[in-house]
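Just below is one structure, and these are the notes that go with it.
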Amino acid sequence: MDCIFCKIASRDARAEILYEDDLVVAFEDINPQAPVHVLIIPKKHISNNLSLEETDKELIGHLFLVANRIAKEKGIADRGFRLVNNCNREAGQTVFHLHIHLLGGRQMFWPPG
Ligand code: 5GP
Ligand code: ZN
């Protein structure tokens, strides 16, 4: 399977990795939409939110906890930050390996575009 995020997780493709453990990897987005724009992914290939299974519950919780950790490390936790998951085409999903965007460091607006 030709998946760029699998390649980043296995270090077959380069990325600015900020955090890694047995289950997840977090790295800088190549095309940042805010001063802080980090992607948090499971190491295991899951194409998107709809492909999650009951056994992935803990993994998903872990992704959110890693997002908190990075938001604190980046100094944006108190100011505020946004977590985004784009699922399928109309939401703007372009990479079909589940990821959470951690965005912050500027004022966010609502509704999102
Ligand atoms: P999506 O649109 O699927 O929710 O988000 C995909 C994100 O992955 C985009 O923000 C895009 O900039 C980022 N991205 C795509 N390819 C690469 C890559 O090769 N390296 C990194 N670091 N980010 C990527
Ligand atoms: Zn993948």
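Counting starts at 1 for both ligands and their atoms, in listed order.
The ND1 atom of His97, the Zn ion (ligand 2) and the SG atom of Cys3 define an angle of 110° (nearest 10 degrees).
Contact annotation: Gln33 has no heavy atom less than 4.0 Å from any atom of ligand 1. Taking a 4.0 Å cut-off on heavy atoms, Phe5 registers as neighbouring ligand 1. The closest approach between any non-hydrogen atom of Asn85 and ligand 1 is not below 4.0 Å.
Protein heavy atom in closest approach to atom 5 (O) of ligand 1: His99 NE2, 3.0 Å. At the shortest separation from atom 15 (C) of ligand 1 among protein heavy atoms lies Val95 CG2, 3.9 Å. Nearest protein heavy-atom contact of atom 19 (O) of ligand 1 is Ile4 CG1, 3.4 Å. Taking atom 14 (N) of ligand 1 as the reference point, the nearest protein heavy-atom neighbour is Ile30 CG2, 3.8 Å. Ranking the protein heavy atoms by distance from atom 12 (O) of ligand 1 puts Asp29 OD1, 2.5 Å first. The closest protein non-hydrogen atom to atom 2 (O) of ligand 1 is Gly92 O, 2.8 Å. Of all protein heavy atoms, the one lying nearest to atom 3 (O) of ligand 1 is Thr94 N, 2.7 Å.
In this structure, Val95 is not a member of the same hydrophobic cluster as Ile100, with clusters built from ILVMFWY side-chain heavy atoms closer than 4.5 Å. Under the 4.5 Å side-chain heavy-atom criterion for Ile, Leu, Val, Met, Phe, Trp and Tyr, Val24 and Ile60 are members of the same hydrophobic cluster.
Contacts between Glu16 and ligand 1, counted as non-hydrogen atom pairs separated by less than 4.0 Å, are absent for every part of the residue. Residue contacts with ligand 1 for Phe27 involve side-chain atoms from C-beta outward but no N, CA, C or O (heavy atoms, distance under 4.0 Å). With a heavy-atom cut-off of 4.0 Å, Val84 does not touch ligand 1 at all.
The pair Lys43-Asp22 does not meet the salt-bridge criterion, since no charged nitrogen lies less than 4.0 angstrom from a carboxylate oxygen.
Under the 3.5 Å distance criterion, the side-chain polar atoms of Glu90 are left unmatched by any main-chain donor or acceptor of Asn88. Checked by atom type and distance alone, the side chain of Arg79 pairs as donor or acceptor with a backbone atom of Gly105 at under 3.5 Å.
In terms of distance to the Zn ion (ligand 2), the nearest N, O or S atom of His45 is named ND1.
Listed by number with element, the atoms of ligand 1 under 4.0 Å from a non-hydrogen atom of Ile8 are 20 (N). Annotation for ligand 1: atoms under 4.0 Å from non-hydrogen atoms of Asn31 are 12 (O).
For the pair Asp56 and Leu98, the minimum side-chain heavy-atom distance is 4.5 Å or more.
Of the N or O atoms in His101, one or more lie within a sub-3.5 Å distance of an N or O in ligand 1. Considering backbone and side-chain N/O atoms, Glu28 comes within less than 3.5 Å of an N/O atom of ligand 1.
Looking at every heavy atom in both residues, Glu20 comes nearest to Ala9 through OE2-O, 4.3 Å. Leu102 and Ala67 get closest at one heavy-atom pair: CD2-O, 3.8 Å. Between Ile8 and Ile17 the shortest heavy-atom distance is O-CD1, 4.1 Å. Nearest heavy-atom pair across Met108 and Ala34 is CE-CB, 4.1 Å.
Taking the six-membered ring where the residue is Trp, the centroids of His101 and His99 are separated by under 6.0 Å.
Asp12 CG: more than 12 foreign heavy atoms inside a 6.0 Å radius.
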